[in-house]
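Take a look at the structure below.
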2 protein chains.
Amino acid sequence: MVRRKDPAVRSLLIERAAQMLAARQPVTLRSLVAGTGMSTMAVYTYFGGMDGLWTAMRQEGFTRLAARLATVETTDDPVRDLAALGAAYLSNALAVPDLYRVMFDAGFELEDAAAADDTLHHLVRTAERAKTAGRFRDDVDPLELATQSWTVGHGLASLVATGPLPPQALAHGVPLLTALFVGAGDDPVRCRRSVELGWAL
Amino acid sequence: MVRRKDPAVRSLLIERAAQMLAARQPVTLRSLVAGTGMSTMAVYTYFGGMDGLWTAMRQEGFTRLAARLATVETTDDPVRDLAALGAAYLSNALAVPDLYRVMFDAGFELEDAAAADDTLHHLVRTAERAKTAGRFRDDVDPLELATQSWTVGHGLASLVATGPLPPQALAHGVPLLTALFVGAGDDPVRCRRSVELGWAL
DNA sequence: ACCAGAACATAGCAGCGTTATGTATTGTGG
DNA sequence: CCACAATACATAACGCTGCTATGTTCTGGT
């Protein structure tokens, strides 16, 4: 009785929307399906409307971000890795600034929060590694430190991607993260070296 | 030959738009002028279109923010004052989250940057005071430190106002700012006390 | 007192997301 | 195997958006 929705079509639309977003073309219902042979109804059968498309785009953004963070190699210096994750976060955000803006736009829902948590998890695990390696104090909560690192990264990404700060302001990431990690107990000079190594934009 | 535009009408429209924004009502060309007796053309004579209105709203947002920061009293503890400015920044952002979002929306232009600079200036001056008071190292650039404080504040404000982080995450401001100021040379225990005093959300 | 020009009102346009309606397609139960 | 029912899809229309073209009203300097 059914005629199942084709997942490939869904990904195709998401892909196309992402490309249009990256090309700074307005993503509208009609422009999205134009040239694909599909009618505007496709967006409704696959996403339930434009809001659904934007939600899907947010998830896509977090998925890509998670994939990007997964490429960061884990070394024997977890603090370096933590900084490298921050750098990768910023690199991803500025590579696709419009998608990044969509991810944190007004329509943020609970289901998006799950995707965001997955992203945070990379940071949490690395913070844990740094803690067990004795780089951080015992009373440091890895989740809290990860959240604080995220806050710094997002603040930087948001201000640079939106325009208030110039791209060279990304260099602030080094002093910000070193201060944060030293505050968590790491040795100042060693920390600085680790962060600079991991940052390496 | 002229019939000058009435500045009062302009402020009235901005005020009305701000109220609708705060009430989470959609601010559209027609809904904005509805009930005021004006026609839709008013928006064009006073702002040149909706884009102009949003630019004006951004400036209004920065003006209100600057006014809010100006209410922060300056004590003999500049580090406390710096933290107090950060708290005021967040308090303002979360009091009018939709206006705050507009301020950092896609259409950010050069003329908005000037308004943002005025806001930053409060932080810069206080950072300078802390430096001359001997709380920070000599090689600390007040502008850079202010920018970094701003980054932290904006990151926190953005993540909480948009939804990814819950309101209690605002407490991260204390460790983040202390770490930053200690990294700038302040004494750890004294800094912590100052920040906690100034934060006092 | 005139009249150029700014301010304003009205109506219409193209575009937007959405929905209603009709048609085609498909998997499944008899 | 076939008919039925449910899904997918196409087309057209609706109400809304920002914007512009046109006509009117008001105002201030010569």
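What's counted below: heavy atoms across the whole structure, side chains too, no hydrogens, waters or symmetry copies. Being a predicted model, the structure only gives us computed values, none of them experimental. Sequence lines set the chain letters: A, B, ... in the order given, protein chains first and strands last, and positions in each chain run from 1.
Side-chain atoms of Ser31(B) come within 3.5 Å of backbone N or O of Pro26(B) as a donor-acceptor pair. Looking only at distances, no side-chain donor or acceptor of Arg30(B) sits under 3.5 Å from a matching main-chain atom of Thr40(B).
Among the atoms of the strands shown, base atoms are found under 4.0 Å from some heavy atom of Met41(A). Within the 4.0 angstrom heavy-atom criterion, no nucleotide atom of any strand lies near Gly48(B). Residue-level contact check: Gly52(A) touches neither bases nor backbone, having no heavy atom under 4.0 Å from any strand.
The side chain of Ser39(A) places no N or O atom within less than 4.0 Å of a non-bridging phosphate oxygen (OP1 or OP2) of dC9(D). Contact check, Tyr44(B) against dT20(D): no side-chain N or O comes under 4.0 Å of OP1 or OP2. Neither OP1 nor OP2 of dA7(C) sits under 4.0 Å from any side-chain N or O of Thr45(B).
If you take OH of Tyr46(A) and P of dT7(D), they are 14 Å apart, rounded to a whole angstrom. Computed from coordinates, the Leu29(B) CG to dG15(C) C1' distance equals 15 Å when rounded to whole Å. One can place CG of Leu32(A) at 9 Å from P of dG17(C), the figure rounded to the nearest angstrom. Atom P of nucleotide dT25(C) and atom CG of Asp6(A) are separated by 16 Å, given to the nearest angstrom. Met50(B) places its CE atom 11 Å from the C1' atom of dC19(D), with the value rounded to the nearest Å. Atom CD of Gln25(A) and atom P of dC16(C) are 13 Å apart (whole Å). Between the C1' atom of dT25(D) and the CE atom of Met38(B) lies a distance of 18 Å, rounded to the nearest Å.
Minimum interatomic distance between Ala157(B) and Tyr100(B) (heavy atoms only, all atoms of both residues): CB-OH, 3.7 Å.
Side-chain atoms of Thr40(B) lie closest to dT10(C) of the nucleotides dT18(C), dT10(C), dC8(C).
The base of dG18(D) sits within donor-acceptor range of the side chain of Arg30(B), with an N or O pair under 3.5 Å.
No salt bridge links Asp105(A) with Arg101(B); every basic N to acidic carboxylate O contact stays at or beyond 4.0 Å. Using a 4.0 Å cut-off between a side-chain N of Lys or Arg and a carboxylate O of Asp or Glu, Arg64(B) and Glu15(B) qualify as a salt bridge.
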